[in-house]
Amino acid sequence: MNTGFPSLDAQALYQQLLLSLQSTLAPDAHLVGITTGGAWLAERLQHDLSRQVPFGIVSSSLHRDDFSQRGMAESIATKLPFEVEGAVIWLIDDVLFTGRTIRAVVNELFDYGRPKAVHLAVLVDRSGRELPIQADVAITHVDLPAEQTLRLKQDSQGQFVFSLEG
């Protein structure tokens, strides 16, 4: 288990995710990035894997259990340019922490239809789960104090980097 933040090379982790999904994704599966870090990852994966089926972006904002405190924290709205009903969907996110974002995103997906299957791939799985949610693919694991936030950022050249806040 990786426990040190300084060793998190977001670009290297992305390459590992790319290789993992290259051998895992069915041709008809749809990538769906969770705003914002997951959306960046899904867009790049869509390009790098030369996927022919459309990919989407999903926001957790409207289904969060802390909506009254956060409000519309994310500006990117859900965009699913394919039929969700019966689709195989791979949710893509940067960091899996409590599981609450994933719960909210699955609720959002079901507003659009009932997928055949929903899988989850993340760059980083960190300790602190509050719900029984597990990633199908997690490139690395880190242990961080609950008050710290690990965020994926994208620089002006489109390169991924992690920042640690708190």
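These figures come from a predicted structure and were not determined experimentally.
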Can you get from [X] to [Y] by hopping between Ile, Leu, Val, Met, Phe, Trp and Tyr side chains that sit under 4.5 Å apart?
| X | Y | value |
| --- | --- | --- |
| F97 | L131 | no |
| L152 | V142 | yes |
| L109 | V53 | no |
| L41 | V95 | yes |
| L19 | L120 | no |

Carboxylate-amine/guanidinium proximity below 4.0 Å for E43 and K79: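 Salt bridge flag = no for K79 with E43.
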Are any of the side-chain heavy atoms of [X] and [Y] separated by less than 4.5 Å?
| X | Y | value |
| --- | --- | --- |
| I102 | I34 | yes |
| V105 | V32 | no |
| V137 | W90 | yes |
| L91 | V106 | yes |
| F55 | I92 | no |
| L45 | Y14 | yes |
| D94 | R151 | no |
| F82 | D28 | no |

Heavy atoms only: give me the nearest [X]-[Y] pair and the separation to one decimal.
| X | Y | result |
| --- | --- | --- |
| A42 | L31 | O-CD1, 4.0 Å |
| A87 | H30 | CB-CD2, 4.0 Å |
| P27 | R51 | O-NH2, 3.5 Å |

For the pair T78 (side chain) and S59 (backbone), establish whether a donor and an acceptor sit closer than 3.5 Å, ignoring hydrogens and angles.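 A pair under 3.5 Å: yes.
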Please answer whether the main-chain N or O of T98 pairs with a side-chain N or O of R126 as donor and acceptor at a distance below 3.5 Å.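 No.
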Take atom CD in Q52; do more than 12 heavy atoms of anything else shown fall under 6.0 Å from it?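 No, the 6.0 Å shell around CD holds no more than 12 heavy atoms from other groups.
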What do you reckon, is CZ of R114 surrounded by more than 12 foreign heavy atoms closer than 6.0 Å?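 It does not: R114 CZ has 12 such atoms or fewer within range.
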From T24 OG1 over to D136 CG, what is the distance, rounded to the nearest 0.5 angstrom?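 It comes to 9.5 Å.
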State which residues pass side chain to side chain donor-acceptor pair (under 3.5 Å) with T149; sequence neighbours excluded, sorted by chain then number.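 Partners of T149 under the side chain to side chain donor-acceptor pair (under 3.5 Å) test: none.
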